[in-house]
Amino acid sequence: MEKFTGKAAYQGIAIGKIAEMAKADGAIEKVQVADVAAEIERLHAAKEQAMGELKALYEKALVDVGEAHADIFEVHQMMLDDDDYNESIEEIIKEQQVNAEYAVKTTGDNFAAMFASMEDEYMRGRAADVKDISSRLVTDLMGGGAGGNNFTEPVILVADDLAPSETVQLDKAMVLAFVTREGSTNSHTAILARTMNIPALVQVKVPKDVNGKMAIVDGKAGAVLIDPDEDTLAKYKKLQAEEIEKRKLLDAMKGLETVTKSGKHVHLYCNIGGVGDIGYVLENDGEGVGLFRSEFLYLQNDDYPTEEQQFQAYKQVAEILAGKQLIIRTLDIGADKQIDYFNLEKEENPALGFRAIRICLTREEIFMTQLKALLRASAYGNVAIMFPMIISKWEVERSLKLLEAAKADLRAHDVPFNENISVGIMIETPAAVFMADELAELVDFFSIGTNDLTQYTCAIDRQNQHLEKFFDAHHPAVLKAIQMTIDAGHRHNTWVGICGELGADPELTEVFVNMGIDELSMSPTSILRTRKIIRDMD
Ligand code: PEP
Ligand code: MG
């Protein structure tokens, strides 16, 4: 058994097989392996799996398109069983002591080049086939299914790092845990793990040759145990069962009010990234959605989502929430959330650069499309709109003006929407904190984004793992900024919530309630625990 430690981004225990994240560009890394025999065994297992897939494809094609077309899958089976092809792969693994994926890819490329240079036209045509079977084999080695990262069983996903755009593409039901070699605990991938209630570790220097190995992720200790022995496995299975029991105890909090013993009510809302997360909200008895990160809709797309596409997504969430509050934040891309089709220039300081409202107020046609979709959805539920990354009054005034223009347009076309839709802003820059009195006069609510507020107040890049020593999630300056924002909001009848990760910090729940917070919005999995803390308060 080998143990590697890093930082826990989200607690919990996961037990299962490791799958190294396949790269989006299909690149295969060459990795040295210590155990050549195990690597060959892994190759044989993948080959058997690929053979089974080809047999099934043959049978299906026979029914669907007839024998003449189904034949190709028999040819593929023969090629996969070809002695020269297999010997070449095994030889590369043994001689170079490398991973099977690399050996298969190299052999596939070599054989394809050889076929392509042949005189005979039929043989030249086999180049594509050998590439095809090689990529099938590589995919099976990397976790199975077509295209990589489509796993046939739930896995512990290991990657150097995970961009939010990669994380959102994954089939969440197939991921037991995330383990990244880089990354920070405050990244959007860590946030996603919390939403999904799966353990997540960052900065764990897991070796590269772990694909397919059995492992335990201990989210509390921030450790990964690879090839655990029977005793360790039994111990963790017991711990896992206890954890499930503990969560069940929290179920008693479902359906209860979030109120202190002396009668102070706090709204407990959830943070979501898309329609797919709404199940977690219902499951954990969230009282609404305090932050719908609408940019995830853009991240999942290859092109700008149309007004209709956005409308359908927002409407669906609004309808499922059936009258509960749904606060949708307008597009917040830039910095770590990059989208190719926006064609944004590379920046020296992306976190201080062209992002969020700055993009929306520069490319107003994109903003208008979203505002109209949001307004249309407001006819189907309790929708509110929230603008991110505000630093100045004029940004809010301009955004409200565009919102009025969108309303006028819909009115002119007799499209229904809520005329009195609530509008709020994120308070996530020190400038917004200092301007909170003036800003409060313009909007219905504030939602404090502590992730960015901490980053900008302390001048600590939330993505930079080397700064964690200086990072203090409970920095007094941030807590002071929160109190200032609450007080300013209340002076102007503007309610104030927190939707950054700090809102779910159990050590601070009482502090926030005593500060006068009106709402806390968090990963759905934190709702019941927070409700319990609040109900236990005097
Ligand atoms: C925040 O900054 O605290 C926030 C909630 O927004 P995001 O994490 O999406 O930047
Ligand atoms: Mg933010």
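Counting convention: from 1, in listed order, for ligands and their atoms alike. FYI, the numbering just counts along the sequence from 1.
Remark: minimum distance from atom 6 (O) of ligand 1 to any protein heavy atom is reached at R329 NH1, 2.9 Å.
If you number the atoms of ligand 1 from 1 as listed, the ones under 4.0 Å from a heavy atom of K337 come out as 9 (O). Atoms of ligand 1 lying under 4.0 Å from at least one heavy atom of G500, given by number and element, are 3 (O), 5 (C). Close approach to C499 involves these atoms of ligand 1, each under 4.0 Å from a residue heavy atom: 5 (C). Near R293, meaning under 4.0 Å from one of its heavy atoms, ligand 1 places the atoms 4 (C), 5 (C), 6 (O), 7 (P), 8 (O), 9 (O).
With a cut-off of 2.8 Å, the Mg ion (ligand 2) has an N, O or S atom of D452 in range.
Between T258 and R535 there is no side-chain heavy-atom pair separated by less than 4.5 Å.
In the candidate list I427, T429, N451, N451 is nearest to atom 4 (C) of ligand 1, counting heavy atoms.
Cation-pi check for K315 over Y380 is met; the charged atom lies under 6.0 angstrom from the ring centroid and within 45 degrees of its normal. Both tests hold for R376 against F311: distance to the six-membered ring centre under 6.0 Å, angle to the ring axis within 45°.
Between S521 and N271, the side chains place a donor N or O and an acceptor N or O closer than 3.5 Å (distance only, hydrogens not considered). Residues D518 and H490 bring a donor and an acceptor atom of their side chains to less than 3.5 Å of each other.
Contacts between M522 and ligand 1 below 4.0 angstrom, taking non-hydrogen atoms only, are absent altogether. At a heavy-atom cutoff of 4.0 Å, ligand 1 is contacted by the side chain of L291 but not by its backbone.
Not a single heavy atom of E501 lies less than 4.0 angstrom from ligand 1. Contact analysis puts R462 in contact with ligand 1, with a non-hydrogen atom separation below 4.0 angstrom. Using a 4.0 Å heavy-atom cutoff, M426 is listed among the residues neighbouring ligand 1.
Between R181 and D161 there is no salt bridge, since no side-chain nitrogen of the basic residue lies less than 4.0 Å from a carboxylate oxygen of the acidic one. Classification of K248 and E245 as a salt-bridged pair holds, one side-chain N sitting under 4.0 Å from a carboxylate O. Under 4.0 Å is where a charged nitrogen must lie from a carboxylate oxygen, and between E441 and K393 no such pair does.
Ring pair F445/W495 is parallel by interplanar angle, where below 30° counts as parallel and above 60° as perpendicular.
Judged by distance alone, the side chain of D218 and the main-chain N or O of V224 form no donor-acceptor pair under 3.5 Å.
Per residue E428, closest N, O or S atom to the Mg ion (ligand 2): atom name OE1.
When only interatomic distances are considered, the shortest N/O to N/O separation between E295 and ligand 1 does not fall below 3.5 Å. Between E428 and ligand 1, at least one pair of N/O atoms sits closer than 3.5 Å.
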